[in-house]
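Only one structure is covered here, and it is reproduced in the block below.
Quick note: numbers below take in every heavy atom, side chains included, and nothing from hydrogens, waters or symmetry partners.
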Amino acid sequence: MEPDPLSQSNDPFTFRASFASIASAIAALIAGATLRFWMLHKFFEVNGDSQLYGAMAKSLLLHGAYAVPDQNGVLQSTLIRLPGYPLFLAACFRLFGMENYFAPACVQIVLELAGCVLLARLAARITPGSWRMSAAQATLWLAAMCPFTAIYAAEPLTEALSLFCIAVALWAAARFQDQGDWPSALAFTFAVTCAALLRPDGALVGISFAPAIVVALFLRPTQSRAPSSRLTGVPGDRSSSLGWSGAGVGNHKLRKILVCLLLALTPFAAWTVRNYRVFHVIQPLAPRYATDPGENTWPGWQRWVKTWALDFVSTYQIYWNMPAAPINIAQLPSRAFDSPRQYAQTAQLIADYEASGEEMSPALDARFAQLARERIANHPLRYYLVLPLGRVADMLFRPRVENLPIDLDWWVYSHHYAETRFSWFYAGLNAFYILLAIGGLCMRPRLWPWMLLYIVLRCALLTTIEAPEARYTLEFFPIFFVLGGIAMARLLRTTSLLH
């Protein structure tokens, strides 16, 4: 077994670390906790998805059913959300009181800070050279003081737990490469399974980093004792010993893969069986549009939205309003119309939608589908390339102020000076994290191909969605923290050498 690279005399996370390193780590965690609890005090609220998850958790505790109440208060079985977060809330409700959403947020803060520590240890593990401890400290400060992830730790939503699972998965993958032990393999399996149980896209963590585990397993040198002469029957028979050892090692590696695979798939097998028994459908994750079987997803409307939607403003003002609220055509961007005729056609569709009592009928949905086909035929490059990439760029680079009391039109300086300046600061801070991560990626630390694979796969998935939200790219930040910490440590080291 290889020595743990963190068991060095200057490791900030062991008792042999220097006082300055320990003080820096403690200060980062105290500052991070202060930031998160301040945000919990200022911005904590329970609405939307939080209430939906809470209703599922209450149903589990009170009725033993995975269900949500309808408009009349009657419980209806559902599969619109994976059971990971409702189970977490149910555990917190059982421990801290029913509908106590504050306690789960506090637990999330603790877990997210623990994830920051794991990311710092990961940075130390994968950074070459004598500056790995500087990379660990920089990573810890970047992670602990990031307001974009901190505010989600203070909200009863899935994001904070997802970030923690990603941190555990990254740390466990690197540790397995070094030590190849069962605890690392099981920690990785637990992390990727929980990530996928929280959100369907969490499965990308396993898809991206499991190959690193398998490659490390089969490339790692083995050390096996030769069997005794009682087993071989030929004392000192070296060829027989080597053959026995190779078969045993191969079986051990295969057994490790099979055990982890079985553990990872078992919850989803149970979820799939439950969904088939209740709804008679094969659904191993959650539906794309968060609908139960039999509910309409309005594919014509969805496709029409994809012909023009580009930013979160459209998601908030238009996409989320259907089918329960009116649609203001004045809020549609100019790219939603290719001609005056299309404008008139769109206006008529919206008028017919509102005249029907804000209900989307199949006939009306088919008319939106026809309009979408016309727009796609006229501008296929815009539909298949420009807008999908634009939506990903919006999710990556827009100011992450969606949980703050800031107007959507933050860029209109004449409307709100302070909000505009603050939003530009947030945009700059977000760009700073991304640029640091690019710098760290260029240094190609260990695991960098799998980190890049995760980013590419997630971006590819995000190109398929209709309504962009910046929170969909929040899962990149554990990787940004590690790569950014490595880049910052290298930069600081270079600067010190120059002086």
Side-chain angles (χ1 to χ4, degrees), residues 47-48 71 287-291 294-395 397-399 401-402 406-416 419-420 423 462-472:
N47 54 32
Q71 295 179 346
R288 173 182 172 86
Y289 294 111
T291 54
E295 295 181 352
N296 205 320
T297 59
W298 313 119
W301 158 269
Q302 303 283 359
R303 202 173 192 208
W304 173 71
V305 169
K306 288 182 74 173
T307 65
W308 56 267
L310 185 62
D311 56 16
F312 179 67
V313 175
S314 297
T315 299
Y316 184 86
Q317 294 180 340
I318 305 296
Y319 187 79
W320 286 350
N321 281 354
M322 205 287 293
I327 298 173
N328 185 357
I329 193 171
Q331 293 178 330
L332 286 173
S334 59
R335 60 181 174 274
F337 323 104
D338 293 334
S339 65
R341 182 185 65 82
Q342 267 193 17
Y343 181 90
Q345 188 178 0
T346 305
Q348 186 60 53
L349 282 170
I350 292 176
D352 292 344
Y353 159 74
E354 295 181 351
S356 66
E358 296 165 5
E359 291 291 337
M360 183 70 72
S361 66
L364 189 59
D365 186 64
R367 291 166 61 191
F368 272 109
Q370 177 58 39
L371 179 58
R373 284 193 293 271
E374 177 184 328
R375 288 173 52 79
I376 294 169
N378 292 338
H379 299 280
L381 187 65
R382 178 182 65 187
Y383 179 81
Y384 290 108
L385 183 64
V386 176
L387 285 173
L389 293 179
R391 286 190 284 268
V392 173
D394 179 74
M395 289 183 273
F397 296 107
R398 73 173 292 110
V401 296
E402 64 271 15
I406 290 180
D407 287 345
L408 290 177
D409 59 344
W410 56 267
W411 59 88
V412 184
Y413 190 76
S414 59
H415 289 181
H416 27 59
E419 290 182 15
T420 298
S423 296
L462 293 178
T463 61
T464 67
I465 70 171
E466 298 83 6
E469 296 183 56
R471 67 189 179 100
Y472 293 156

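- Counting only heavy atoms from C-beta outward, the side chains of M360 and N296 never approach each other to under 4.5 Å.
- Across every non-hydrogen atom of I327 and I350, the tightest pair is O-CG2, 3.5 Å.
- We find the OG1-CD distance between T346 and Q342 to be 6.0 Å, quoted to the nearest 0.5 Å.
- Taking both residues in full, the closest heavy atoms of T315 and E469 are given as CG2-CG, 4.3 Å, listed atom of the first, atom of the second, then distance.
- Between M395 and R471 there is no side-chain heavy-atom pair separated by less than 4.5 Å.
- A salt bridge links R288 with E466: the distance from a Lys NZ or Arg NE/NH1/NH2 to an Asp or Glu carboxylate oxygen falls below 4.0 Å.
- Ionic pairing of D365 and R303 is not present here: no N-O contact between side-chain nitrogen and carboxylate oxygen is shorter than 4.0 angstrom.
- Between the T297 side chain and the Y289 main chain, no donor and acceptor come within less than 3.5 Å of each other.
- R391 places a side-chain N or O within 3.5 Å of a backbone atom of A309 that can act as its donor or acceptor partner.
- The two residues A325 and Y353 come nearest to each other via the heavy atoms O-OH, 2.8 Å.
- Not a single donor-acceptor pair under 3.5 Å links the side chain of Q345 to the backbone N or O of R341.
- The two residues P468 and I465 make their nearest non-hydrogen contact at CA-CD1, 4.1 Å.
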Take Y319 and Q302, measure what side chain to side chain donor-acceptor pair (under 3.5 Å) needs, and give me the verdict at the end.
CA-CA 9 Å; Y319 187 79; Q302 303 283 359; 2.8 Å; yes

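- When only modelled atom types and interatomic distance are considered, R373 and Q370 share a side-chain donor-acceptor pair under 3.5 Å.
- Nearest approach of W308 to R375, heavy atoms of both residues: CB-NH2, 3.7 Å.
- At a cut-off of 3.5 Å, with distance as the only test, no side-chain donor of Y316 or Q331 sits close to an acceptor on the other residue.
- Q348 and D352 are linked by a side-chain donor-acceptor pair at a separation below 3.5 angstrom, with hydrogens and angles left out of the test.
- With contacts defined as side-chain heavy-atom distances shorter than 4.5 Å, the pair I329/Y343 qualifies.
- No donor-acceptor distance shorter than 3.5 angstrom exists from the side chain of K306 to the backbone of L387, with no hydrogens or angles considered.
- Put simply, the side chain of V305 does not reach to within 4.5 Å of the side chain of I318, judged on heavy atoms.
- Looking at L310 and D394, their side chains never come closer than 4.5 Å, going by heavy atoms from C-beta outward.
- The shortest side-chain heavy-atom distance between S423 and T420 does not fall under the 4.5 Å cut-off.
- A heavy-atom distance below 4.5 Å is found between the side chains of S314 and P333.
- The OH atom of Y472 sits 9.0 Å away from the CG atom of L462 when rounded to the nearest 0.5 Å.
- Using a 4.5 Å heavy-atom cutoff, the side chains of W304 and L349 are not in contact.
- A perpendicular orientation is assigned to the rings of F312 and W320, their planes being inclined by more than 60° (bins at 30° and 60°).
- Considering all non-hydrogen atoms of both residues, D311 and R335 come closest at OD1-NH2, 4.1 Å.
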